[in-house]
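Right, one structure below, let's go through it.
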Amino acid sequence: MEVDLHIHTIASDGTFTPEEVILEAKRRGLKALAITDHDTVDGIEEAKKKAQEIGIEFVQGIEISCNTQDYEVHILGYFLNLEDKKFMNELEELKKARDNRNLKIVEKLKACGIDADLEEIAKMAPGKIISRLHFANYLVEKGAVLSKEEAFDKYLGKRGRAYIPKENFPPERAVKMLSENGAFVSLAHPKLVVNNDGIIENMISNLVKVGLNGIEAQYGTFSPSDIKKYKKMAKRHSLLVTGGSNFHGANREGVNIGDTGITYSQFRLIKERNAGGKL
Ligand code: AMP
Ligand code: MN
Ligand code: MN
């Protein structure tokens, strides 16, 4: 694809540095890309610099982890304004919530008889964000499980014994904070939130009220009929379509930058919508 709007770096739970991501995107012939690390913008400056240097269009992005009573919801933001103090403070709150949650996950793992050590886990995360993927790698390395999948199935996933939902961060709050920042806001991988059309469409209606602009209808694990369905959903709510690979380097085998995404003409619509006719 020409444009990949969903990519992680070592600033969260990817394994490529921001520079490496930019170089790889260029090598693969992409026209534009966004870096969307979980709850952090730490990778943006380095990526932006490299992108300018080698000549590829770069979008400052983020993927914010939220939760409702029943579901994990990820909200993507694009064209972020990093000068916005209120926004940067909200990111600090998110970091605190994540750190708190990580402490609780460690406690739960201990209760399962696994002698988990947060400092050891932190060593496996090059950036400031420690995600469940780092926990999964840790559990594999420790020999507590044989694979990352088993780590999520048994412990870290929604039905796992050490599952802790992200606290106090409803998707409405993320959409609002991004919208107030001037960002373009999209609902990440809707099918992974909940594979139920009525529930997701209801959620979308509510998020549109607080500023949602798009749906990530083009996603690697979606079938052609899923894509068609989410594109229709987008249309019904006057939303645009976003798409991306959700690249995590070695932390997500078999997924490369640009495997999934959108065309440059789809991307142009997003830019135009975000500029509010100023382009
Ligand atoms: P967190 O932000 O701490 O909730 O962790 C989210 C990370 O865990 C993301 O990178 C997801 O891709 C990954 N993840 C969530 N569920 C699974 C799963 N069942 N198998 C593998 N990775 C997962
Ligand atoms: Mn996600
Ligand atoms: Mn992601």
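In each ligand, atom 1 is the first atom listed, and ligand 1 is the first ligand listed. Start at 1 with the first residue, then count along the sequence.
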Measure up the [X] and [Y] rings against each other and bin them: parallel (under 30°), tilted (30 to 60°), perpendicular (over 60°).
| X | Y | value |
| --- | --- | --- |
| Tyr230 | Phe222 | tilted |
| His74 | His38 | perpendicular |
| His8 | His6 | tilted |

For [atom], what is the nearest protein heavy atom, given as residue, atom name and distance?
| atom | answer |
| --- | --- |
| atom 10 (O) of ligand 1 | Asp13 OD2, 2.8 Å |
| atom 15 (C) of ligand 1 | Phe152 CE2, 3.4 Å |
| atom 2 (O) of ligand 1 | Arg98 NH2, 2.9 Å |
| atom 6 (C) of ligand 1 | Arg132 NH2, 4.1 Å |

Of all the atoms in ligand 1, which lie at a distance below 4.0 Å from a heavy atom belonging to Arg101?
-> 1 (P), 3 (O), 4 (O)

Answer yes or no for atom 17 (C) of ligand 1: protein heavy atom present at a distance under 4.0 Å?
-> yes

Do you see an N/O/S atom of His189, backbone or side chain, under 2.8 Å from the Mn ion (ligand 2)?
-> yes

Specify whether an N/O/S atom of His38 falls short of 2.8 Å from the Mn ion (ligand 2).
-> no

Check ion pair Lys49-Glu19 (N to O, under 4.0 angstrom) = no

Would one find an N, O or S atom of Asn246, in either backbone or side chain, under 2.8 Å from the Mn ion (ligand 3)?
-> yes

Have a look at Glu63 and say which of its N, O or S atoms is nearest the Mn ion (ligand 3).
-> OE1

